[in-house]
2 protein chains.
Amino acid sequence: MTERTLHLNAFLMGVGHHEAAWRHPRADPAAIADVRHYQELARIAERGRLDSVFLADGLALWGNVRHNALGVLEPLTLLAALATVTEHIGLIATVSTTYNEPFHVARKFASLDHISGGRAGWNIVTSASEAEAHNFGVERPAHGDRYARAAEFLEVVTKLWDSWEDGAILNERDTGTYADTGRIHTLDHVGAHFRVRGPLNTSRPPQGHPLLVQAGSSEDGKEFAARFAEAVFTAQQTLQEGQEFYADLKSRLSRYGRRDDDLLVLPGISPIIGSTEREARALERELEELIIPEYGVQQLSNILGVDLSGHPLDAPLPEVTQPADGQQSRFKLVTDLARRERLTLRQLVGRLAGGRGHRVVTGTPEQIADQIQEWFTSGAADGFNIMPPVLPSGLADFVDHVVPELQVRGLFRTEYEGRTLRQNYGLARPASRFEQFKQKVSVAS
Amino acid sequence: MTERTLHLNAFLMGVGHHEAAWRHPRADPAAIADVRHYQELARIAERGRLDSVFLADGLALWGNVRHNALGVLEPLTLLAALATVTEHIGLIATVSTTYNEPFHVARKFASLDHISGGRAGWNIVTSASEAEAHNFGVERPAHGDRYARAAEFLEVVTKLWDSWEDGAILNERDTGTYADTGRIHTLDHVGAHFRVRGPLNTSRPPQGHPLLVQAGSSEDGKEFAARFAEAVFTAQQTLQEGQEFYADLKSRLSRYGRRDDDLLVLPGISPIIGSTEREARALERELEELIIPEYGVQQLSNILGVDLSGHPLDAPLPEVTQPADGQQSRFKLVTDLARRERLTLRQLVGRLAGGRGHRVVTGTPEQIADQIQEWFTSGAADGFNIMPPVLPSGLADFVDHVVPELQVRGLFRTEYEGRTLRQNYGLARPASRFEQFKQKVSVAS
């Protein structure tokens, strides 16, 4: 395809993105630790020709497990198990740069990329929470420090992926020469955070570099994305916010010698789908009625970094002050939403229950396709991060009803373009920086 | 089965344990990064009713990749991909305690145990090499320090696995109560090496604790095994050495309140199998002729921690002095072997090429079964770690010809006893240490 077309990622989360999903009759909470559940989701997404599936992650038990089905599988381990039952779909795992070592991360993604035949992607996070810090024996590092470490981390990881040039393996059995060791390189990296000799002990990943994904929307986060990321998952509530974020991010790329289409912007969207609008609204209400307000207020308190547990549910959101080192962009999004729509605490909890600040769109497949099309053609999105409220049914509804509508409109592929995640996202395969004769990057592998 | 029977583990290593395997016509070196190769191996091992497959690992590119097919996939990632194509066989991954954090390791093994339905095992290593240290920005820690860290690491990891009691998940949708938070525990561990709050963010593994495996044979290593390990992979050349090691290890168990059958001793054995002894010897010679002496001398130098590259190949192994902080037990094994059999450097290299110090047994299926039976019935082994010289053919030969011989002799199972790795190894499932009403451990889950 030469025309600009949508890219769609299925954000898989337990039995659904709605915080009350586990209580809904269409969900089976026992599935959250069952690999077959995730295999089914990956197969559904692949049936819909989606670009990728994605697993979020944190390094602590977040939220209140008394009232939500928490406690999930580690994403990289799980995605390796999904790789073997799929052929085309990309596999994106969240891994932190704050509580890991570059050698491990480079090796695991290289391994997943080999296992999946070039379908691995890494959602880079810097782990903002205190709860995570306390599982690794440290106090929470400052925002800027986390991003400084992340930048050096990326430098080391990409060097490790490059440490075996593409043609390093000769496999000459007659002469007994397996590899050209002149094309396998030590890094001897010495920086503020890491000293890593290299080379990696896994050969170059099929994609050169597994796809780099990022989701931070702070100033540091956007600058990091502009420098490194090839896809960005973002939360934007209104078209105008979406357009501003999109333009802002794309405008930063040239500083790093990158072009607009080197980075895809994928806002989150939680589609509540019905064959009629009435049916969709009914599903939305069913889910709302299952919300436990106490849990929602706790979640909101966590997002804002402010304890709201004593506040009356039916009064407006009180004036709150942004804490020094929280999730700044999400704080602004939530307080803006509450002010713009004059929401009570209970109403705000209801609005956040569907997508934790991501946009919830309720309607028929045509109505949802309209929203997607509007953002896509108005400079607010290159595609979407699909966050079904209940899984697997919400993903199946999207794939079986919204995707065909997007295909009819010529907005979405009917067959995969390539074999790798990069090829389907339309992104170039990077050459190793150690290549002696510098080659141009090319889309094909 | 109530009688004592063998336990057999298939040690999977690239295209074979013989260092020249990749040059042999029966091997396909391109398979070393191909998940389908390992899936085939796991299926072959399961066809033979073996207890488990095992992947070794190191955190650096060891050996000379010019002359050997090195650069493999990360074990935990790979085993998740094997879990989905097998039903019964145990999946044991090597992970270091020196260059990891307990939270990550606990979580990944818990995830693999969930994904595999209770078939995960952890081979605990402490990463002795300088090359590994230099990929993590440190100088090589001393032997005793590595084991002190490992002991605290194990304490934290097992606490994290216990942090969700078995009955913690209630899944009461009507009342909105997912979990009994009184049965999910913080650890608040504070020790010399780690401070970890917990709980884990993955629920309790199906096995309670994934199986704990260990392979160190130093004094520290044996004591560590006696305290924590449930299976030990070991390298012993002669029956007498095997008996001494076996008796030594078992005698240490009572100090930790453990019984003899709480720990299985599994010496390594590399079987070179032929339908006649002549055919087996021919395969052995084929492999020997493919050895590159320069590579073998490098490997030997690495094992001994002494540079032998200038030494004449056809002279005896020179007097060498054990370095202060190398692999002490392997040094002794190799120098004892050279002295006992008066081997030249070339001959020693040939002897080590098959199993890097593990015992090579060449012969017919009956002859190999005889050796296995002798060690098993003479107090030298509870089973074996099978290290086929060439893969997959060497594993298929073992499964199709040696296993039936062991079954006929009543030494090995004809069907799996249980569903989990622990059940097949005949080991108890530990209760969570946080259980309020202390329960007795029981074999069944």
Side-chain angles (χ1 to χ4, degrees), chain A residues 22-23 29-30 33-35 39 58-62 64-74 76-78 80-81 83-85 99-101 103-104 107-108 111-112 114-115 131 134-137 164 171 173 176-181 184 194-203 290 292, chain B residues 22-23 29-30 33-35 39 58-62 64-74 76-78 80-81 83-85 99-101 103-104 107-108 111-112 114-115 131 134-137 164 171 173 176-181 184 194-203 290 292:
Chain A
W22 73 277
R23 299 184 69 193
D34 188 337
V35 67
Q39 289 178 328
L59 298 168
L61 186 63
W62 275 328
N64 186 349
V65 66
R66 178 166 178 78
H67 294 309
N68 202 355
L70 306 171
V72 295
L73 304 172
E74 193 279 321
L76 270 168
T77 315
L78 178 53
T84 65
V85 298
Y99 303 114
N100 272 299
E101 290 286 335
F103 194 89
H104 289 311
R107 184 134 181 267
K108 283 173 191 291
S111 299
L112 181 63
H114 278 292
I115 287 169
H134 289 172
N135 284 332
F136 294 89
W164 294 52
N171 200 10
R173 300 203 221 190
T177 308
Y178 179 71
D180 178 352
T181 47
I184 300 176
F194 305 107
R195 284 188 300 143
V196 180
R197 179 175 288 175
L200 197 60
N201 55 348
T202 299
S203 59
L290 294 171
I292 295 162
Chain B
W22 74 277
R23 300 183 67 192
D34 188 336
V35 66
Q39 289 179 329
L59 297 169
L61 185 63
W62 274 328
N64 185 348
V65 65
R66 179 168 176 79
H67 294 308
N68 202 355
L70 305 172
V72 295
L73 304 173
E74 192 279 323
L76 269 168
T77 315
L78 179 53
T84 65
V85 299
Y99 303 114
N100 272 300
E101 290 286 335
F103 193 88
H104 289 311
R107 184 134 183 266
K108 283 172 192 290
S111 298
L112 181 62
H114 279 292
I115 288 169
H134 289 173
N135 285 334
F136 295 89
W164 294 53
N171 200 9
R173 299 203 222 190
T177 308
Y178 179 70
D180 178 351
T181 48
I184 301 176
F194 305 107
R195 283 188 301 144
V196 179
R197 178 175 289 174
L200 197 60
N201 55 348
T202 299
S203 59
L290 294 172
I292 295 161

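For the numbers below, each heavy atom of this structure counts, side chains included, while hydrogens, waters and symmetry mates do not. Residue numbering restarts at 1 for every chain, and letters A, B, ... go by the order of the sequence lines.
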Exercise. Is it the backbone or the side chain of A/N135 that comes under 4.5 Å from a heavy atom of chain B, or both, or neither?
Worked result: both
Problem set entry | Pick from B/E101, B/H114, B/H67, B/R66 with the largest number of heavy-atom pairs that fall under 4.5 Å of chain A | B/R66
Exercise. Under a 4.5 Å heavy-atom cut-off, does chain A meet the side chain of B/A83, its backbone, both or neither?
Worked result: neither
For this session: With a 4.5 Å cut-off on heavy-atom pairs, point out which of B/N100, B/L200, B/I184, B/I115 contacts chain A the most.
Result: B/I115
Problem set entry | Leading residue by heavy atom contact count with chain B [cutoff under 4.5 Å; candidates A/A30, A/S203, A/A60, A/P199] | A/A60
Problem set entry | Contact leader toward chain B among A/G176, A/A81, A/G71, where contacts are heavy-atom pairs under 4.5 Å | A/G176
For this session: Could you pull out all residues at least two apart from A/H104 that satisfy ring pair (Phe, Tyr, Trp, His ring centres under 6.0 Å)?
Result: B/F136
Problem set entry | Part of B/L70 lying under 4.5 Å from any heavy atom of chain A | backbone
For this session: Pick one of side chain, backbone, both or neither for A/N64, based on which atoms fall under 4.5 Å of a heavy atom in chain B.
Result: side chain
Seminar exercise, completed: Taking every heavy atom of B/A80 against every heavy atom of A/A80, the minimum-distance pair comes out as CB-CB, 3.8 Å
Seminar exercise, completed: Scored by heavy-atom pairs under 4.5 Å with chain A, the best of B/L290, B/I292, B/D180, B/L59 is B/L59
Exercise. Quick one: does B/W22's side chain get under 4.5 Å of A/N171's, heavy atoms only?
Worked result: yes
Exercise. So which part of A/W164 gets closer than 4.5 Å to some heavy atom of chain B, the side chain, the backbone, both or neither?
Worked result: side chain
Problem set entry | From CA spacing to verdict: side-chain contact (heavy atoms from CB on, under 4.5 Å), B/N201, A/V72 | CA-CA 7 Å; B/N201 55 348; A/V72 295; 5.9 Å; no
Problem set entry | Set of residues satisfying salt bridge (charged side-chain N to carboxylate O under 4.0 Å, His left out) with respect to B/R107, sequence neighbours excluded | A/D57
Seminar exercise, completed: Of the listed B/V35, B/T181, B/V65, B/V196, the one with the largest count of heavy-atom pairs under 4.5 Å with chain A is B/V65
For this session: Check for a donor-acceptor pair, side chain of B/S111 on one end and backbone N or O of A/E74 on the other, with a separation under 3.5 Å.
Result: yes
